[in-house]
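Residue numbers start from 1 in every chain, and the chains themselves are labelled A, B, ... in the order their sequence lines are given, proteins ahead of strands. In this text the structure is predicted, and so the values were computed from the model without any measurement.
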2 protein chains.
Amino acid sequence: MPNIADIIEEYIKARLSRSNGGIVVMRRSELAEKFQCVPSQISYVLNTRFSFNRGYIIETRRGGGGFIRVIRVSLDESEDILDIIYEKIGDEISLGECINLIKYLYDEELITKREAHLMENVLEVTTPNNGVQGSGRQRAAIFKAMLMVLLRHDK
Amino acid sequence: MPNIADIIEEYIKARLSRSNGGIVVMRRSELAEKFQCVPSQISYVLNTRFSFNRGYIIETRRGGGGFIRVIRVSLDESEDILDIIYEKIGDEISLGECINLIKYLYDEELITKREAHLMENVLEVTTPNNGVQGSGRQRAAIFKAMLMVLLRHDK
DNA sequence: TGAAGAAGGTCAAAGTAGGTCTAAAGGTCA
DNA sequence: TGACCTTTAGACCTACTTTGACCTTCTTCA
């Protein structure tokens, strides 16, 4: 029994890839209707699966004629990927956020699946995932070091 | 008279060999129901019979739509890597030895150049290369965690 | 202009499902 | 038989999902 959240996620992703420009506009209540769930379920999916760290931007408008716009952020070659990534990582970072970023890099085809697993394993082994003092800082340092290598060397 | 643990083990192995790709996805509570035991019994079987050391990788998810995925690693295809994990690394290992092994893996085309760089860098960043207490053990753990990824055949 | 209605936002509680730990029971073997 | 290892059961923990009540923002129209 796959859960509704996953189904809605797939649906939005399918629409995104069908769209040109990676933009989908929808009405929250309509989607909820379509999937027979409460509207806040849509918000939940958006928050957990289409976060900024996973490479999406959400724009919304309330009131009559309201909408939700999901925008897939693709990096173009000219942008300094490192800067963007570094900004997202900051001085400390949680394991969950790392995994989101890794997913994003994989979706963007900047890293392979194996490299993604490799990084995840390293982060899991090297840093405790619960709020142990300093673990967030250590994780950020290791993650940055790994990204540095990946982004400096071609596949 | 075989015990429940053995029966569950056989069941999972049967499903694995019936599957293509050596992957089985299941629900812990359902299996427990099927075999009339407590759910933690399933965890016990997984921990004792399907550990990484025995050639399996377990992935799980909690909450609604949760599951347990058992992935069988192809042991024969991974002889070199297993040999490194069990024979060469041991409980501790020096940075120099790691680098030699990584070089070997690259020469054998078991890893890409980028993966080699990644591994080396991680080991350099995470563990001091001079005889600091315990660093050899930590290095061994990290190296093994990274090599585990190479055993997966789900790409 | 301001009240009504139409969206989306937020948050907490309840529900679902796997993880961990430990005590007790069951086997094995010298 | 006693020491030791394995298995079983259950209490409690943590993570993820679903639902619903209530809040805020925006548009429309009298």
Chemist: Provide the Watson-Crick or G-U wobble partner of C:dA30, both distances under 3.5 Å; none if there is no partner.
Modeler: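 For C:dA30, the partner nucleotide comes out as D:dT1, under the 3.5 Å rule.
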Chemist: Within this structure, what is the CZ-to-P distance between A:F35 and D:dT19, rounded to whole angstrom?
Modeler: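 Rounded to whole Å, this separation is 14 Å.
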Chemist: For B:I4, answer base if it contacts any base atom (sugar-phosphate contacts may also be present), sugar-phosphate if it contacts only those atoms, and nothing otherwise; contact means non-hydrogen atoms under 4.0 Å.
Modeler: sugar-phosphate
Chemist: Taking only side-chain N and O atoms of A:R49, does any of them lie within less than 4.0 angstrom of OP1 or OP2 on D:dT17?
Modeler: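 Yes, within the criterion.
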Chemist: Roughly, in whole Å, what's the span from CG in B:L31 to C1' in C:dG19?
Modeler: 16 Å
Chemist: Atom CD of B:E59 to atom C1' of C:dA17: distance rounded to whole Å?
Modeler: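 Computing the B:E59:CD to C:dA17:C1' distance gives 17 Å.
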Chemist: Under 3.5 Å, which donor-acceptor pairs link side chains of residues 35-45 of chain B to any protein atom two or more places apart or in another chain?
Modeler:
from	atom 1	to	atom 2	distance (Å)
B:Q36	NE2	B:E33	O	3.2
B:S43	OG	B:R28	NH1	2.8

Chemist: Quick check on DNA chain D: between A:Y44 and B:A5, whose nearest nucleotide comes earlier from the 5' end?
Modeler: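 Checking each residue's closest nucleotide, the 5'-ward one belongs to B:A5.
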Chemist: Does any pair with a residue in residues 54-66 of chain A pass salt bridge (Lys or Arg N to Asp or Glu O under 4.0 Å), and if so which ones, sequence neighbours excluded?
Modeler: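 Of all non-adjacent pairs touching residues 54-66 of chain A, those that pass salt bridge (Lys or Arg N to Asp or Glu O under 4.0 Å) are A:E59-A:R69.
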Chemist: Write down the distance between CD1 (B:I42) and P (C:dT20), rounded to a whole number of angstrom.
Modeler: 15 Å
Chemist: Run the side-chain donor-acceptor check on residues 7-15 of chain B: report pairs under 3.5 Å with partners two or more places apart or on a different chain.
Modeler:
from	atom 1	to	atom 2	distance (Å)
B:E9	OE1	B:R49	NE	3.1
B:E9	OE2	B:K13	NZ	2.8
B:Y11	OH	B:R15	NH1	3.4
B:R15	NH2	B:V25	O	3.4

Chemist: Walk along nucleotides 4-16 of chain C from 5' to 3' and tag each nucleotide B, S or - by protein heavy-atom contact under 4.0 Å, base first, then sugar-phosphate.
Modeler: --BBBBB-----B
Chemist: Give the rounded distance in Å between these two atoms: CD of A:E9 and P of D:dC16.
Modeler: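 So the CD-P distance, A:E9 to D:dC16, works out to 14 Å.
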Chemist: Could B:R72 and B:Y56 be counted as a cation-pi pair, given that NZ or CZ must be under 6.0 Å from the ring centre and within 45° of the axis?
Modeler: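 Not flagged: B:R72 not positioned over aromatic ring of B:Y56.
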Chemist: Kindly write out the residues that satisfy salt bridge (Lys or Arg N to Asp or Glu O under 4.0 Å) with B:K88, not counting sequence neighbours, or none if the list is empty.
Modeler: B:D83
Chemist: Roughly, in whole Å, what's the span from CD in A:Q41 to P in D:dT17?
Modeler: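 Taking CD of A:Q41 and P of D:dT17, I get 9 Å after rounding.
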Chemist: Please determine if A:R114 and B:E115 form a salt bridge, counting it only when a charged side-chain N lies under 4.0 Å from a carboxylate O.
Modeler: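 A salt bridge links A:R114 with B:E115.
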Chemist: Can you measure B:Q36 atom CD to D:dT8 atom C1' for me and round it to whole angstrom units?
Modeler: 14 Å
Chemist: If the condition is side chain to side chain donor-acceptor pair (under 3.5 Å), which residues does B:S19 pass it with, not counting sequence neighbours?
Modeler: none
